Amino acid sequence: MRLLETWFPEFSQELDRIDEMYEEKRIIDEKAYQFICFALAIRGRSAPCVRKHFKEALKAGATLKELAYIMALVFRESAGNDDCWVHDVLADYRELMKNNVRCCPE
C-alpha cells in the first residue's frame, strides 16, 4: 500500500472508503469479523495483518485457544486446498509424460 499511497493516492482513498463502509454496514460481530480477517491474513501470508487481527481479536474477546483453533483450521483447509489443486493440475500426468512435459506454454 505504501507505494500506492504515493503513486496512486486516489485508489488508496477508495480502499479507505470501502473499509469505512464495511464497518458501517457490518452484520457480524467484531469477534467473528476479526476471526475471518485473521484467517485471511494467515492464508495471504501478511505478517502485519496477522499481528493486527490477532491483537484485534483478543480485544474483541477472543481467547488464545480460539485463535489457535482458527490457525489450525486455516492450516488444515490450506493443505486440503493444495492437495485438491495439485491433483486437478496433474490429473492427466500420463499424457503430460508422453508429451515431454513443458513448464511453459509455447
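The structure displayed is predicted, hence computed values, not measured ones.
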Side-chain (N81) to main-chain (E77) donor-acceptor, under 3.5 angstrom: yes
Any donor-acceptor pair under 3.5 Å from E66 side chain to T63 backbone: yes
For atom [atom1] of [X], is the number of surrounding heavy atoms from other residues, nucleotides or ligands below 6.0 Å larger than 12?
{"X": "K52", "atom1": "NZ", "value": "no"}
{"X": "R26", "atom1": "CZ", "value": "yes"}
{"X": "E23", "atom1": "CD", "value": "no"}

Audit row: D82, R43, salt bridge (charged side-chain N to carboxylate O under 4.0 Å, His left out) steps and yes/no: CA-CA 12 Å; D82 292 344; R43 188 64 178 130; 3.5 Å; yes
Derivation of the side chain to side chain contact (heavy atoms under 4.5 Å, CB included) call for F75 and I42: CA-CA 9 Å; F75 300 162; I42 292 168; 3.9 Å; yes
Interatomic distance, [X] atom [atom1] to [Y] atom [atom2] [nearest 0.5 angstrom]:
{"X": "L90", "Y": "W85", "atom1": "CG", "atom2": "CH2", "answer": "8.0 Å"}
{"X": "D29", "Y": "Q34", "atom1": "CG", "atom2": "CD", "answer": "10.0 Å"}
{"X": "R17", "Y": "Y22", "atom1": "CZ", "atom2": "OH", "answer": "13.0 Å"}

Do [X] and [Y] touch side chain to side chain, with heavy atoms closer than 4.5 Å?
{"X": "E56", "Y": "F38", "value": "no"}
{"X": "F35", "Y": "L40", "value": "no"}
{"X": "L67", "Y": "L58", "value": "yes"}

Show the nearest heavy-atom pair for residues [X] and [Y], with the distance to one decimal.
{"X": "V74", "Y": "A39", "value": "CG2-CB, 3.5 Å"}
{"X": "K31", "Y": "A62", "value": "CD-N, 3.9 Å"}
{"X": "S12", "Y": "L4", "value": "OG-C, 3.6 Å"}

Joint cluster assignment, L64 & M71, ILVMFWY side-chain distance < 4.5 Å: yes
Single-linkage hydrophobic cluster F11~I18, side-chain heavy atoms < 4.5 angstrom: yes
Ion pair E5/R2, N-O distance below 4.0 Å: no
Parallel, tilted or perpendicular, as decided by the 30° and 60° cut-offs, for the rings of Y33 and H53: perpendicular
Set of side chain to side chain contact (heavy atoms under 4.5 Å, CB included) partners for D92, sequence neighbours left out: E95, L96
Non-neighbouring partners of Y69 that pass side chain to side chain contact (heavy atoms under 4.5 Å, CB included), sequence neighbours left out: L73
